[in-house]
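The model shown is predicted, which means the values in this text are computed figures rather than measured ones.
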Amino acid sequence: MVRETRAGEDWRAAGAAITARMRERRMSQQALAAASGVSVATLRELARGTSSRRAQDATLAAISRALGWPDDHLLTVLLGRQPDEVPLRTLPVDQQILDVLLRIERSLATIGAQLRPTTEPYDSVR
């Protein structure tokens, strides 16, 4: 899962690329974790780009795929090379629907938390 840092690797650039792409795709760390199979904790470390333990190439490939990039995109950034500009990949319709449903679910959870009474529910007061 992790490896030691090697000279010439730019983990801050890789982290910045991940963060920027998540913003472009309006994707949370939780959604990226689910799509890539990489833990949220690992994604946080990578996004910061400051940890002494670094992800394996397979982990970077999984994150790249989940972000709609070719498998070697983050590795290319990590090694200080400029990847070819990759447009956002069109997601399959079922994935687009799932993404919308997840956003709706998060919004409903937020609304529900705001609507919860701070005192006892009406039915329990007599």
Side-chain angles (χ1 to χ4, degrees):
M1 175 159 196
V2 292
R3 65 177 178 173
E4 295 304 316
T5 302
R6 294 183 186 151
E9 294 178 338
D10 189 350
W11 287 98
R12 287 184 191 268
I18 292 168
T19 301
R21 188 66 156 195
M22 287 172 57
R23 279 193 200 115
E24 286 174 19
R25 299 200 72 175
R26 301 176 58 100
M27 186 179 233
S28 68
Q29 286 182 338
Q30 290 78 14
L32 180 55
S36 66
V38 175
S39 73
V40 173
T42 298
L43 291 172
R44 283 188 188 127
E45 282 188 29
L46 289 171
R48 276 189 237 124
T50 57
S51 178
S52 61
R53 294 173 42 142
R54 301 301 184 203
Q56 295 283 343
D57 293 350
T59 302
L60 295 175
I63 295 168
S64 291
R65 275 191 305 276
L67 290 171
W69 284 325
D71 285 6
D72 66 343
H73 186 89
L74 286 173
L75 185 59
T76 300
V77 171
L78 175 66
L79 297 176
R81 295 192 301 264
Q82 189 64 32
D84 294 330
E85 186 57 35
V86 180
L88 287 175
R89 180 176 67 196
T90 303
L91 295 173
V93 173
D94 59 340
Q95 184 63 46
Q96 291 177 33
I97 292 169
L98 179 60
D99 288 350
V100 169
L101 290 173
L102 289 172
R103 285 197 301 269
I104 292 169
E105 184 178 27
R106 284 191 298 266
S107 295
L108 288 174
T110 300
I111 292 167
Q114 293 170 349
L115 293 176
R116 287 197 185 109
T118 56
T119 61
E120 293 184 31
Y122 178 75
D123 291 348
S124 66
V125 178
R126 296 192 185 187

Discussion item. Measuring only between side-chain heavy atoms, which start at C-beta, is I18 closer than 4.5 Å to L32?
Written reply: yes

Worksheet item: Roughly how far apart are L75 CG and Q56 CD, rounded to 0.5 Å?
Response: 11.5 Å

Worksheet item: Distance from L78 atom CG to D57 atom CG, nearest 0.5 Å?
Response: 8.0 Å

Worksheet item: Do the side chains of L102 and L43 join up, straight or via other hydrophobic residues, at under 4.5 Å, putting them in one cluster?
Response: no

Discussion item. Using the rule that Ile, Leu, Val, Met, Phe, Trp and Tyr join whenever any side-chain heavy atoms are under 4.5 Å apart, tell me whether L98 and M22 fall into a single cluster.
Written reply: no

Worksheet entry | Closest non-hydrogen atom pair between M27 and A35, with its separation | CE-CB, 4.3 Å

Worksheet item: Do you know which two heavy atoms are closest between R21 and G68, and how far apart they sit?
Response: NH2-O, 3.5 Å

Discussion item. Check whether S64 reaches the backbone of L74 with its side chain - one donor and one acceptor, N or O, closer than 3.5 Å.
Written reply: yes

Worksheet item: Is there a path of hydrophobic side-chain contacts, each under 4.5 Å between heavy atoms of I, L, V, M, F, W or Y residues, that connects V77 with W11?
Response: no

Fill in: Shortest non-hydrogen contact between S39 and A33, atoms and distance
C-CB, 4.3 Å

Worksheet, complete the sentence: Interatomic distance, CG@D94 vs CG@L101, rounded to 0.5 Å, equals 11.0 Å

Worksheet item: About how many Å separate OG1 of T110 and CD of E105, when rounded to the nearest 0.5 Å?
Response: 10.5 Å

Discussion item. When you compare the side chain of E24 with that of L67, does any pair of heavy atoms fall below 4.5 Å?
Written reply: no

